[in-house]
S.K.: 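Once you've had a glance at the structure underneath, I'll fire off some questions.
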2 protein chains.
Amino acid sequence: MNSKLGSDLGDAVGIAPISVPKASDILADRLRDLILSGSVKPGESLPSERDLVSTSGLSRSSVRDALRILEVEGLIATRPGRSGGSIVQRPDRQSVARPMELFVKSHEIHLESLLDCRLAVEPFLAARAATHHTDEELADIRRIHEKFLATTDNLAEYKKLNLEWHLAIARSSHNELLIALMEAISHPIHEAAGYREVTTEQIRAEAKKAHCAILEAIEERNPELAHNRMAKHLGAYMDVARTIPNSE
Amino acid sequence: MNSKLGSDLGDAVGIAPISVPKASDILADRLRDLILSGSVKPGESLPSERDLVSTSGLSRSSVRDALRILEVEGLIATRPGRSGGSIVQRPDRQSVARPMELFVKSHEIHLESLLDCRLAVEPFLAARAATHHTDEELADIRRIHEKFLATTDNLAEYKKLNLEWHLAIARSSHNELLIALMEAISHPIHEAAGYREVTTEQIRAEAKKAHCAILEAIEERNPELAHNRMAKHLGAYMDVARTIPNSE
DNA sequence: TCCCGCTTTTTGGTCTAATCATATTACTTT
DNA sequence: AAAGTAATATGATTAGACCAAAAAGCGGGA
């Protein structure tokens, strides 16, 4: 068992570095496959921890580790108590948005990139909303819209309703993936953007006008118009944001 | 300790349901804050598990659970052995793309929605690539492009290089978030799309022509042209995909 | 008969205390 | 000095116990 000899042999034969997977990872992979293949459907439960221990041959810690992985991934929800257990569920939008937010925060993504992202996605969402919206969704947008128009000097309220307005439009697009993306980038944008770019009365008035125009296009089910007006609205916002130095 | 009495009191006073957070979640939140606030920088290590046990007062299981959460989130990487530990890192693009893929698979997102997503994002990436690309990135794209043009009847090879081509364009955009999004949706698309829509020689020839045109626009650093040509290319692809019934 | 209240049972959550595996460091020997 | 060997710090894994929550079962009384 000479280590040098072993190393030489390894180099000579060209053994690739062997990665030793963790027991919990292997079990997590298997359980994930079970879920994704549809063997266990949403609402149903995985076997109890103690069952998994006996069937897998692993210890309870490893089993719990595996379950914890799936929980973070949003594939299961665990509840204590009898008839509790690991209940399979479809990951919600937050399971997508959360990692994205972590990514944005960790990499200190510039506001510029976030707005870029928004500019790419939101006009599209507006166009889809124009063609795909239901009556309930439209009513929801209108309700938020009216409240938004009614805001005056309460900046926090203005920002909150502005955000809600955009998210309501997004939800009407019926594209779950793009909605999740919007949700993910909205929070960082509205945190990073600060209050300065909406301080003047004029800017807020223009935003309200733009919202009205976009909503009108959506009500008329005119996707091209909604797309262009949203793009113009965001362009104006970006121009304002750009003239203001970053707070960081 | 009459339970009925307690319940009535609770209803009367209007006590909100109290959520009992798990110990590991609390610790995970704290450690995550430490990382995101920059108190522990990428490359540095968190305290060892045994240290965390003594400072937090929790058991080793809970501490390990917390660390496992952060690991799944891509915030740390753990390595065994002396001078191992939980090393802080920035989440990579995979940490964003993976949850998105799980979301797509779990919700059985239609190919239509995925292509929509792509249509929203990729023309934008092409435009940004036109203005932001470096010489190395352009050389990389060209290398893949040449290999792509050289493919003939090997469909697997064609599809692989096609995917790589699109991702290379995306990388040149320098928008990390949109790159991650592209990576995330590319795999499901190319899995779901099957082989049928690229079976005819004519379709492949047109795709090659379109790639050439897009690349040309990028080399000329003309963002509008790159945007429009990419949109047209994707539109053509979607038309083809739409004429073919889903494989599911 | 039906409902309240107690007990039982199942399940996840937490803790303790070892032991194993791995990789680095420190030491010893040649 | 270089090479080999022992000590050590770290995560990975196991085992077993007990706690807490929540549902199910049971029994007595209105």
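Chain letters run A, B, ... following the sequence lines, proteins first and then strands; every chain starts at 1. Both backbone and side-chain heavy atoms feed into the values below; hydrogens, waters and symmetry mates do not.
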S.K.: Which nucleotide, C/dG13, D/dA12, C/dA23, lies nearest any side-chain atom of A/Glu49?
M.R.: C/dG13
S.K.: Without decimals, in angstroms, what is the distance between A/Ile76 CD1 and C/dT11 C1'?
M.R.: 14 Å
S.K.: Whole angstrom is fine here: how far is it from CD1 in A/Ile87 over to C1' in D/dA23?
M.R.: 13 Å
S.K.: Nearest-Å distance, CZ (B/Arg60) to P (D/dA9)?
M.R.: 14 Å
S.K.: Can you work out whether A/Ser62 or B/Gly85 has the more 5'-proximal nearest nucleotide on DNA chain D?
M.R.: B/Gly85
S.K.: Which nucleotide, C/dA23, D/dT14, C/dG13, lies nearest any side-chain atom of A/Arg50?
M.R.: C/dG13
S.K.: Roughly how many Å is it from CZ in A/Arg82 to C1' in C/dT10, rounded to a whole number?
M.R.: 5 Å
S.K.: A/Leu67 CG to C/dG13 P: how many Å, rounded?
M.R.: 9 Å
S.K.: How about A/His174 and A/Glu137: does a side-chain donor come under 3.5 Å of a side-chain acceptor?
M.R.: yes
S.K.: Where the side chain of B/Ser48 is concerned, which of C/dT9, D/dT10, C/dT14 is the nearest nucleotide?
M.R.: D/dT10
S.K.: May I have the distance from A/Arg64 (atom CZ) to D/dA15 (atom P), rounded to whole angstrom?
M.R.: 16 Å
S.K.: Side chain of A/Thr78, heavy atoms from C-beta onward: which of C/dG12, D/dG11, C/dT14 has the nearest atom to it?
M.R.: C/dG12
S.K.: More than 12 foreign heavy atoms under 6.0 Å from CD of A/Glu44: is that the case here?
M.R.: yes
S.K.: So does B/Arg79 get a side-chain nitrogen or oxygen closer than 4.0 Å to the phosphate oxygens (OP1/OP2) of D/dT10?
M.R.: no
S.K.: How many Å lie between CD1 on B/Ile69 and C1' on C/dG13, as a whole number?
M.R.: 13 Å
S.K.: Let me spell it out: for each of A/Ser83 and A/Lys22, pick the nucleotide of DNA chain D with the closest heavy atom. Which residue's pick is nearer the 5' end?
M.R.: A/Lys22
S.K.: Whole angstroms only, please: what is the CZ-P distance between B/Arg68 and D/dA12?
M.R.: 7 Å
S.K.: Assess the side chains of A/Ser186 and A/Arg118: does a donor N or O sit below 3.5 Å from an acceptor N or O?
M.R.: no
S.K.: Which atom pair, heavy atoms only, marks the closest approach of B/Leu58 to B/Val53?
M.R.: O-CG1, 3.3 Å
S.K.: Determine, for B/Glu71 against B/Arg64, whether the closest basic-nitrogen to carboxylate-oxygen distance falls under 4.0 angstrom.
M.R.: no
